Amino acid sequence: MKQATVAGKLPDQKRRSFWLRHLHQWHWISSAICLIAMLLFAATGITLNHSAQIEAHPQVSGKQAQLPRDLLAQLGAQEHKDKDVVPAPLARWLDKQFGIDVGPQPGEWSPEELYVSLPRPGGDAWLRVDLGNGKVEYEKTDRGWVSYFNDLHKGRNTGAAWSWFIDIFAVACLVFCITGLFLLQLHAGNRPVTWPLVGLGLVVPLVLAIIFIH
């Protein structure tokens, strides 16, 4: 009888060992992937929550230049609709003159001028080209490192590559949390306080939301 009981427990132990091994593996891999980014998002969560108390000192810088006559004539000879991209010759000249990469950026075209908005994390910038006299104005606003990392947290004006990173990071966080939940379930028998703590993590934000958020 005793041997039968021991034999019956073996499959359960093997199954538990299998799941523990694989869950631990996925848990530590996902936690390693998430670690640095999670620290960044946690820290910027605090700075965003207290953004009104963190004083910013924007620094505004501007540059001016004169568009070469041949390039100005080339722009004048072409028909441009509103939201057309910045022509490649002009983009190359702007990169050389101001050190800015406008890329395939759409512009606001009118018979008098070209205006290009160049938003960026932690600041803003804009560019204006007078299509009559060729005067070029460029202005950049820098709101500092805190604003920069806050915008990374929000994915504001960060481009496609960072957007993909946020999605991949979110998936890794889900793997980390879900494997952690299953590990809690496997170890909960020896840790009676496990589910009360998990429940507390649900109840506290729920009560706060119901009572204090209207």
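Since we're looking at a predicted model, the values are computed, not measured.
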Considering all heavy atoms, the nearest [X]-[Y] contact:
X      : Y      : answer
Thr194 : Ala188 : OG1-CA, 4.0 Å
Trp109 : Val85  : CZ2-O, 4.0 Å
Leu71  : Pro89  : CD1-CB, 3.8 Å

Nearest 0.5 angstrom please: [X] [atom1] to [Y] [atom2], how far?
X      : Y      : atom1 : atom2 : value
Leu197 : Leu184 : CG    : CG    : 9.5 Å
Arg128 : Glu137 : CZ    : CD    : 5.0 Å
Ile168 : Cys173 : CD1   : SG    : 12.0 Å
Leu181 : Ile178 : CG    : CD1   : 8.0 Å
Asp130 : Leu72  : CG    : CG    : 8.5 Å
Leu48  : Phe41  : CG    : CZ    : 10.0 Å

Contact check, side chains of [X] and [Y], non-hydrogen atoms, under 4.5 Å:
X      : Y      : value
Trp126 : Val116 : no
Pro106 : Asp84  : no
Leu152 : Trp162 : yes
Val129 : Glu113 : no
Leu20  : His187 : yes
Val136 : Leu94  : yes
Leu183 : His24  : yes
Trp19  : Phe182 : no

Carefully, step by step, assess Gln78 and His80 under the rule side-chain contact (heavy atoms from CB on, under 4.5 Å).
CA-CA 6 Å; Gln78 298 172 344; His80 297 286; 3.3 Å; yes
Kindly say whether the aromatic ring centers of Phe18 and His22 come within a distance under 6.0 Å.
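Aromatic pair counts; centres sit under 6.0 Å.
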Which atom pairs, donor and acceptor, lie under 3.5 Å between side-chain atoms of residues 52-68 and protein residues at least two apart or in another chain?
unit_1 : atom_1 : unit_2 : atom_2 : d
Gln53  : OE1    : His50  : ND1    : 3.4
Gln66  : NE2    : Asn133 : O      : 2.5

Is there a continuous path of hydrophobic side-chain contacts, each under 4.5 Å between heavy atoms, that joins Val102 to Leu131?
yes
Co-membership, hydrophobic cluster, residues Leu202 and Leu200, 4.5 Å side-chain
no
Would you confirm whether [X], through its side chain, and [Y], through its main-chain N or O, come within 3.5 Å as a donor-acceptor pair?
X      : Y      : answer
Ser30  : His27  : yes
Thr44  : Leu40  : yes
Asn157 : Pro121 : no
Ser31  : Trp28  : yes

Quick test of your reading of the model: are Lys140 and Asp142 salt-bridged, counting only N-O distances below 4.0 Å?
no
Can you confirm whether more than 12 heavy atoms, excluding those of Phe169, are under 6.0 Å from its CZ atom?
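Correct, the count exceeds 12.
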Should the heavy atoms of other residues, nucleotides or ligands under 6.0 Å from CZ of Arg21 be counted, would the total exceed 12?
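Buried by this count: over 12 neighbours within 6.0 Å.
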Audit row: Phe149, Thr47, side-chain contact (heavy atoms from CB on, under 4.5 Å) steps and yes/no
CA-CA 9 Å; Phe149 284 112; Thr47 56; over 6 Å; no
With side chain to side chain contact (heavy atoms under 4.5 Å, CB included) as the test, pick out the partner of Leu206 among Val204, Val203, Ile210.
Ile210
Ile213/Leu208 under side-chain contact (heavy atoms from CB on, under 4.5 Å): CA gap, chis, key distance, verdict:
CA-CA 7 Å; Ile213 301 176; Leu208 290 176; over 6 Å; no
Taking salt bridge (charged side-chain N to carboxylate O under 4.0 Å, His left out) as the definition, give me every residue that meets it alongside Arg156, ordered by chain and number, with sequence neighbours left out.
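If we apply the salt bridge (charged side-chain N to carboxylate O under 4.0 Å, His left out) test to Arg156, skipping adjacent residues, the hits are Asp124, Asp151.
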Might you work through the side-chain contact (heavy atoms from CB on, under 4.5 Å) test for Phe98 and Leu127, ending with a clear yes or no?
CA-CA 10 Å; Phe98 296 129; Leu127 175 76; 4.3 Å; yes
